[in-house]
Amino acid sequence: MKLELQKILFPKPDICMAESLYYHRSEKCVLNVPESVLNFDRDGRSSFDTYFNSFSIGKWRKYTILNNLKLELELSGTFTVSIVNYELINGSIVGKVIDEQTVSAEERSKFVFSFAGFHQNGMHCFILLARKNGSAFYGGSYFTDEIEADQLQDVKIALNMCTYMREKYVAKNVSQIRAALIENPDSPLFQNLHVYITDNAMTLRDEDFSGPYIHLTRQNAFGSVGGFTRGLINILDARAEYGLTHALMLDDDIVLDPQVLCRTYTLLRMMKSEYREAWLGGGMLGLDFPTVQTESGGVIENGEYRSLKVYMTLENPYQVLYNEIEEGARINAWWFCGIPLASIGTDALPYPVYFHCDDMEYACRQCKKLILINGICVWHEEFFYKPDTYYYDKRNREVLFALHFPQDATKKRTKRRLVKNVINELLWYRYHDAQEILDGVSDFLKGPDWLTHTDDRAKFDSVRKGRIPTAPISEFSLPFDYSQYLASLSYPGESKARRWFRRLTLNGWLLPANRDVIVRAETPITYHFFRAKRVMNYSAKNHCAYMSQKSFRNAFQILLSLVKTLWQIDRRYDSARDEYRHSIEALTTQTFWQGYYASR
């Protein structure tokens with residue numbers, strides 16, 4: 001039987017118009033956007049060695065039962081079609097032309113090409129070179145015709161979306177999924193896809209989410225973990241009725257190409273038996289910088305979370321090939337994370353941390369293998385535009401270490417992490433952020449009983465209420481200097497002697513302040529704070545800022561709070577850590593979660 005594996009994609013205005021993610025074209029090749037057709041003049045050239053339209057043959061060979069690959073292209077006019085394989089070996093691209101043919105058709109016609117020599121790793125792709133004016137490319141797909149239906153896995157996917165006040169994003173995504181997949185008899189996901197939405201704000205309209213394959217649940221604001229867990233419970237409860245096999249966790253504020261779900265479905269159907277319980281992660285590309293990947297999986301090392309493939313610009317074959325290299329990723333955030341239901345159960349649900357790091361904890365506990373592959377992704381707002389979560393980041397990461405990383409769950413390492421975090425914030429004059437970090441550790445030390453009985457929403461509102469408000473830059477007495485802001489985005493380098501001088505003076509804290517500076521609000525560079533008196537913390541996303549300044553009084557108060565928290569760690573850490581470890585079975589069952597929902 002013939003099975004389509006991966007459709008050739010074109011840029012779309014409502015999804016992404018970054019051509020370099022789809023093809024690289026010469027000036028004699030132009031996209032007709034409404035028709036999704038590439039029109040060529042003679043000698044026009046387009047290569048498909050790209051993030052979305054190359055075929056990750058190395059990953060498909062490793063993880064699936066694929067043993068034959070062909071390419072179908074729909075063309076008119078005359079083209080020389082080159083079938084190519086690329087590998088990244090010792091940092092260099094090694095290319096091989098597998099086949100090359102010149103084909104002609106007066107009318108729109110389909111042509112099939114074979115990828116001979118199936119042993120290749122890396123990626124397969126193709127290149128089109130027009131031999132006459134008026135030639136056109138209408139689309140195509142990679143497929144296999146050496147597979148039988150009984151070799152494929154039965155797969156039914158349940159999308160699990162948790163939302164809070166993101167009505168437009170959710171309605172748009174569900175509408176696109178409904179039209180392209182759920183109600184489209186030609187889609188491989190027709191009758192094989194359900195959508196579960198948990199509305200933590202109870203603001204979604206029924207008329208936008210009707211139908212037998214859309215399931216909407218409204219509840220109070222139980223945080224991201226409470227929303228995703230509700231969805232998981234609903235999916236597990238409906239598993240037998242609908243034959244569901246996978247839960248696909250999706251953020252509410254993403255841009256998603258429905259074809260990515262088709263690729264996901266086909267990949268899961270062809271998974272080798274030894275990988276059927278592997279999780280499937282999707283990369284995160286930026287909404288403002290759509291060719292830049294913010295993250296593709298992550299690992300926890302030496303008490304720190306490390307994002308992988310960070311800020312990679314996926315615009316050329318080298319970067320696309322590099323993105324395929326596996327670096328031991330074990331964690332994928334819930335903007336796109338496919339979870340086989342066979343790998344979890346009603347008594348293996350997420351841990352109740354309310355907000356932030358819930359996906360990390362669940363992956364550390366349940367994910368034994370994570371697969372990442374080019375072309376499966378979402379677009380999402382960049383991390384540095386998100387509201388700061390110092391309190392939850394610190395509190396919940398300490399919970400994570402206590403539960404799953406005994407080498408990092410010691411008094412010594414906890415104190416070392418805390419001191420490092422607080423000193424960084426003091427060097428940036430961000431006293432409120434330092435206090436949030438200290439509060440996070442203090443609340444962690446109260447143990448899981450406090451965690452599960454505190455008023456989560458009131459705590460969340462209290463944390464957010466304390467954030468320093470931003471204002472348009474025109475409202476500040478300090479004039480905004482864009483060139484100074486740009487300079488603050490990078491470290492200019494310095495002599496060894498100057499670097500040591502900065503360290504010995506605590507980045508100028510022991511010297512008189514003599515200047516005002518402008519830095520980025522999101523993760524600034526400490527170098528630029530040297531001897532600063534006032535600091536404008538500027539966010540390019542909304543052209544707003546907030547002011548901070550050098551204050552010995554505030555710094556002294558933070559240091560006193562730090563000493564107090566270090567003392568608390570000495571007194572409470574070991575018992576709190578053990579309480580968390582002993583609580584994990586009791587706090588991750590459906591019985592616990594049903595009681596948790598009912599009590600609030």
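As the structure is a computational prediction, the values presented were derived from the model and not from experiment.
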Distance alone, cut at 3.5 Å: any donor-acceptor contact between the side chains of [X] and [Y]?
X	Y	result
Asn396	His356	no
Gln366	Ser343	no
His380	Asp253	yes
Ser548	Asn537	yes
Gln219	Asn200	yes
Tyr351	Ser583	yes
Thr163	Asp199	no
Thr266	Arg263	no
Thr470	Asn542	no
Gln176	Asp14	yes
Asn302	Arg413	no
Asp347	Gln590	no

Does this structure show an ion pair linking [X] with [Y], if we count only N-O contacts that are shorter than 4.0 Å?
X	Y	result
Asp439	Arg395	no
Glu327	Lys309	yes
Asp208	Arg178	no
Lys415	Asp570	yes
Arg205	Glu207	yes
Glu304	Arg417	no
Lys459	Asp443	yes
Asp461	Arg464	no
Glu425	Arg430	no
Glu436	Arg467	yes

Exercise. For atom NZ of Lys465, is the number of surrounding heavy atoms from other residues, nucleotides or ligands below 6.0 Å larger than 12?
Worked result: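 12 or below, so no.
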For this session: Give a yes or no on whether Lys369 atom NZ has more than 12 heavy-atom contacts from other residues, nucleotides or ligands under 6.0 Å away.
Result: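 Enclosed.
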Parallel, tilted or perpendicular: rings of [Y] and [X] (30°, 60°):
X	Y	result
Trp334	Tyr362	perpendicular
Tyr580	Phe444	parallel
His215	His194	parallel

Heavy-atom side-chain contact between [X] and [Y] under 4.5 Å:
X	Y	answer
Thr589	Thr346	no
Leu285	Trp379	yes
Met284	Cys377	no

Restricting to non-hydrogen atoms, name the atom on [X] and the atom on [Y] that form the minimum distance, rounded to 0.1 Å.
X	Y	value
Ser187	Cys262	OG-SG, 4.2 Å
Pro352	Leu587	CD-O, 3.5 Å
Tyr431	Gln549	OH-O, 2.8 Å
Gln568	Ser442	OE1-OG, 3.0 Å

Problem set entry | Geometric cation-pi criterion Arg230 and Tyr597, 6.0 Å radius, 45° cone |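 Yes, a cation-pi geometry holds between Arg230 and Tyr597.
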Between [X] and [Y], is there a donor-acceptor pair closer than 3.5 Å when you use the side chain of the first and the backbone of the second?
X	Y	answer
Thr454	Trp450	no
Thr198	Gly227	yes
Asn192	Pro188	yes

Exercise. Among Thr229, Thr591, Asp456, whose side-chain contact (heavy atoms from CB on, under 4.5 Å) with Tyr596 holds?
Worked result: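 Passing option: Asp456.
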Exercise. Given Arg365, which of Ile344, Leu403, Thr588 fulfils the side-chain contact (heavy atoms from CB on, under 4.5 Å) condition?
Worked result: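 Exactly one pass, corresponding to Thr588.
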Can you measure from [atom1] ([X]) to [atom2] ([Y]) and round to the nearest 0.5 angstrom?
X	Y	atom1	atom2	answer
Lys411	Thr414	NZ	OG1	10.5 Å
Tyr390	Leu438	OH	CG	13.5 Å
Asn332	Cys337	CG	SG	5.0 Å

For this session: May I have the step-by-step check of side chain to side chain donor-acceptor pair (under 3.5 Å) for Asp578 and Tyr573, ending in yes or no?
Result: CA-CA 9 Å; Asp578 294 344; Tyr573 185 83; over 6 Å; no
Exercise. Does the pair Arg520 and Thr523 meet the rule for a side chain to side chain donor-acceptor pair (under 3.5 Å), with working shown?
Worked result: CA-CA 7 Å; Arg520 64 181 175 193; Thr523 318; over 6 Å; no
Exercise. For Leu268 and His246, what are the C-alpha separation, side-chain angles and deciding distance, and is it a side chain to side chain contact (heavy atoms under 4.5 Å, CB included)?
Worked result: CA-CA 9 Å; Leu268 294 175; His246 292 75; 3.8 Å; yes
